[in-house]
Amino acid sequence: MDLSILNDRQLKAVTTIEGPLLVLAGAGSGKTRVLTYRIGHLIDRYDVKPYHILALTFTNKAANEMKQRVAALVGYRAEQITMGTFHSFCLRVLRRNADQIGYRSDFLVYDAGDQRTLVKNVMKELKISEKDISISNAKAVISDAKNKLTSVEKFQDLYRDDYHNKRIGLIYERYQAHLRENNAMDFDDLIVNVIQLFRNAPDVLEYYQHKFKYIHVDEYQDTNYIQYLLVKQLSEYYNNICVVGDGDQSIYGWRGADIGNIRDFEKTFKNAKVVLLEQNYRSTQNILDLANGVIKNNLARRDKNLWTDNAAGDLIQYYRAADGEDEARFVANQIIRGIEGGGAYGEYAILYRTNAQSRSFENAFNRASIPYKIVGGRKFYERMEIKDLMAYLRFVANPSDAVSLRRIINVPKRGIGAQTMTHVEQIAQTRQLSLYQAIAYAVENAALSARAIKGLKGFCDFVQPLIDDRAELTGSEILKAIIEQSGYRDNLEMERTTQAEARLENIDELYNQIVEFEQKNETTELNYFLQEISLLSDQDDIEEDESGQVLLMTIHAAKGLEFPVVFLVGMEERLFPSGRALEDDDGLAEERRLCYVGITRAQRRLYISHAEMRSQYGALRVNQVSRFIEEMPHAIIESHSGTIAARKAQGGKMALNYKRYAAKPLAKVDDNAYKPGMRVHHQHFGEGVVIALNGETTLTIAFDKKGIKKLAVGFAPLRIIEE
DNA sequence: GCCCTCTTGTTCGAT
DNA sequence: ACAAGAGGGC
């Protein structure tokens, strides 16, 4: 392994392998390179067994990338390294040891939406009005408690005399009880329960302490208390812990991240060594100067001096827009100019403070035929139709999952209303049955009104066979049956609205995802899909070959990424910094760090813009320019008068041949249209040749780039290229 | 039980 | 701007 490409500091970080090590890595200073080389070095030079190495990251994408880069250094030996997010690592540990904390190993993971539903149900049960305590508040307080390892008992004890929190304590208690009953955990529980497991079963802790001789943590500045505790415990035996991070990039305080973890590393881990990485390889000098100008306004930070050998580069481009639409047009116009000058769409990223800002850019890009992709935002798995179908899947996988059952029992409408469900619940109570058993009982004994029974029977008749045969059926088969037999597809098709059309597309997309998942993981078991799916993050959605699209995302979502050209938009007071953050100094400091993260994503060219007026909450609001712009060194900023040019371009070429978002739904093909030998195009897999028709429903297709896949006719987004 | 209309709050960020 | 909830008519 060749270490000569490393600079002195990087080399020191890579070769310091015993004891605690803190790598303070400024933006773009090659921290991923340090981590990968360090791991490679351990394996290659010191013959450390890959099995003994643990590396924790914040996104699966970061973990995968690291794994690939280590593999490039040490080949197959990279396979046995344990690499993943905190949450996926904990998930694996818990699946192995669930019984020791009173869970079945096939427990479910509730995502943010499920959590919300559960909190809501619990509040209804406790007769607490949403006007007294908002769901999001209850959820946030509970999550906060968990991240501080405050149990229900401790929480209730703590707030004995606090009316508001006392009631949240009751919600917390019932919330946890329901999770238990449903054999489910939320995201926070994944980590809390591992810590619990280590307490209950010291032998399990010891096993992992001995297994992981070398531990690495990426983005350490964003770890919270329980994550710190986890890392601390795991590293206690060998004490070989290497954390990498940058206090200036800590942007998850609101999620419980404690910047103190990185600040106090040398205190909590005795005899820790520290390496500072200050040379930036990513950005131009001007971009770095701009970033430094902003971040130096934060007090109480560990001062570092980020420098680069790179040229000064372009000046920072500044645009003052009349309103949000004008800002979006300006951005679109700059991109078109860049493309005409030989650039590629994939070089551009639009970074904003809030997801709601994406809309004006979508409009402008659609009009200008600029291909784009929104990362994050209304997340795929949070969409109504996807949640409905996921609830069906979960219910089939686990018929005692009452939360899922409640969601879908009347979706699509079967004439089963609140009244009927109250009766069913009474039956469940008196006869000590699960909700679904109570429904089955009611149907069998005609225990309710004829109309209710008819609806319930219709439901049972189609789900029961799926439940009975779930072990033999693949996940995708079950999903397909649900979509067709529940009437979900028919209902949407009858609606004939663009919204329903989009939902149908999403349903097809879900089907594709499960098929893809089954192929990638070589297992078709439904449970496996359900178990993994909840941990996917936004960044995981960014595919490598999506270089032909402008990316739009929040600055938070851009963490760890880099782009040749960045537009940092909406730089206005009360938007960025956000109005809520201004309530306290810590909040403002975190906004400023967020600004620093945004600026340092740019490699070559950076645009900053703000709008004098912007419609928010449906009303026009006048916003002042962000204080962060005031803090920037104005000498390196070039003011743009692009308005007129932008207007001209708008009147110019505006062909509507936009691909991804304006695309017609591709399903609904004639089932008999396909023949072996035909050349087809798939939305995700690209071009391929049909090899065989399997019965009436599936095609076997050899894709040029993605290998051989079996796809369902009518579902897969396919079109025929040549016959 | 379902559908329509009106009112209300929502949005800062996410594994 | 938009979605979810309340309330009334059917």
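A, B, ... follow the sequence lines: proteins, then strands. Residue 1 opens every chain. None of these values were measured; they are calculated from a predicted model. Just so it is clear, the values below take in all heavy atoms, side chains as well, and ignore hydrogens, waters and symmetry mates.
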Original post:
So, is A:Arg353 close to the B:dC12 phosphate, meaning a side-chain N or O under 4.0 Å from OP1 or OP2?
Top reply: no
**OP:** Map A:Ile416 and A:Ser136 onto DNA chain B by nearest heavy atom, then report which one ends up closer to the 5' terminus.
**Re:** A:Ile416
Original post:
Aromatic rings A:Tyr352 and A:Phe361: how do their planes relate, parallel, tilted or perpendicular, breaks at 30° and 60°?
Top reply: parallel
Original post:
Over how many whole Å does the gap from A:Ile135 atom CD1 to B:dT10 atom P extend?
Top reply: 10 Å
Subject >> Interatomic distance, A:Lys454 NZ vs B:dC2 C1' [rounded to whole Å] >> reply: 15 Å
**OP:** With the side chain of A:His87 defined as its heavy atoms from C-beta on, choose the nearest nucleotide among B:dA14, B:dT15, C:dG5.
**Re:** B:dT15
Original post:
When A:Asp186 is tested against each of A:Lys139, A:Arg180, A:Lys146 for salt bridge (charged side-chain N to carboxylate O under 4.0 Å, His left out), which residue passes?
Top reply: A:Lys146
**OP:** Mind checking A:Thr420 for me? I need base, sugar-phosphate or nothing, with any heavy atom below 4.0 Å counting as a touch.
**Re:** sugar-phosphate
**OP:** Report the relative orientation of the aromatic rings in A:Phe462 and A:Tyr392; use parallel for angles under 30°, tilted for 30 to 60°, perpendicular for over 60°.
**Re:** tilted
Original post:
To the nearest Å, how far apart are A:Asn363 CG and C:dA1 C1'?
Top reply: 12 Å
**OP:** Quick one: pull up OG in A:Ser358 and CE in A:Met553 and give me the separation to the nearest 0.5 Å.
**Re:** 12.0 Å
Subject >> Phosphate OP1/OP2 of B:dA14: any A:Asn355 side-chain N/O under 4.0 Å >> reply: yes
Original post:
In whole angstrom, what separates A:Gln616's CD from B:dC12's C1'?
Top reply: 11 Å
Subject >> Proximity to the side chain of A:Ser578 - top-ranked nucleotide from B:dT15, B:dC12, B:dA14 >> reply: B:dC12
Subject >> Separation of B:dT11 P from A:Glu572 CD (nearest whole Å) >> reply: 20 Å
Original post:
Does C:dG5 have OP1 or OP2 sitting under 4.0 Å from an N or O in the side chain of A:Lys124?
Top reply: no
Original post:
Under 5.5 Å between ring centres and under 30° between planes: does that hold for A:Tyr252 against the base of B:dG13?
Top reply: no
Subject >> Candidates B:dC12, C:dA1, B:dT15 - which lies nearest the side chain of A:Arg255 >> reply: B:dT15
Subject >> Candidates B:dC12, C:dA4, B:dT11 - which lies nearest the side chain of A:Lys120 >> reply: C:dA4
Subject >> Nearest-angstrom distance from the residue atom CG of A:Leu456 to P of B:dG1 >> reply: 11 Å
**OP:** State whether the number of non-hydrogen atoms from other residues, nucleotides or ligands found under 6.0 Å of A:Arg95 atom CZ is greater than 12.
**Re:** yes
**OP:** Report yes if some heavy atom in the side chain of A:Phe58 is under 4.5 Å from a heavy atom in the side chain of A:Tyr252; otherwise report no.
**Re:** no
Original post:
Tell me: CZ of A:Phe459 to P of B:dG1, nearest whole Å?
Top reply: 16 Å
Original post:
Closest nucleotide of DNA chain B for A:Thr554 versus for A:Arg414: which of these residues is on the 5' side?
Top reply: A:Arg414
Subject >> Separation of C:dA1 P from A:Arg621 CZ (nearest whole Å) >> reply: 15 Å
Original post:
With a non-hydrogen cut-off below 4.0 angstrom, is A:Asn410 in contact with a base, only sugar-phosphate, or nothing?
Top reply: sugar-phosphate
**OP:** Please state whether the phosphate of B:dC12, meaning OP1 or OP2, lies under 4.0 angstrom from any side-chain nitrogen or oxygen of A:Tyr617.
**Re:** yes
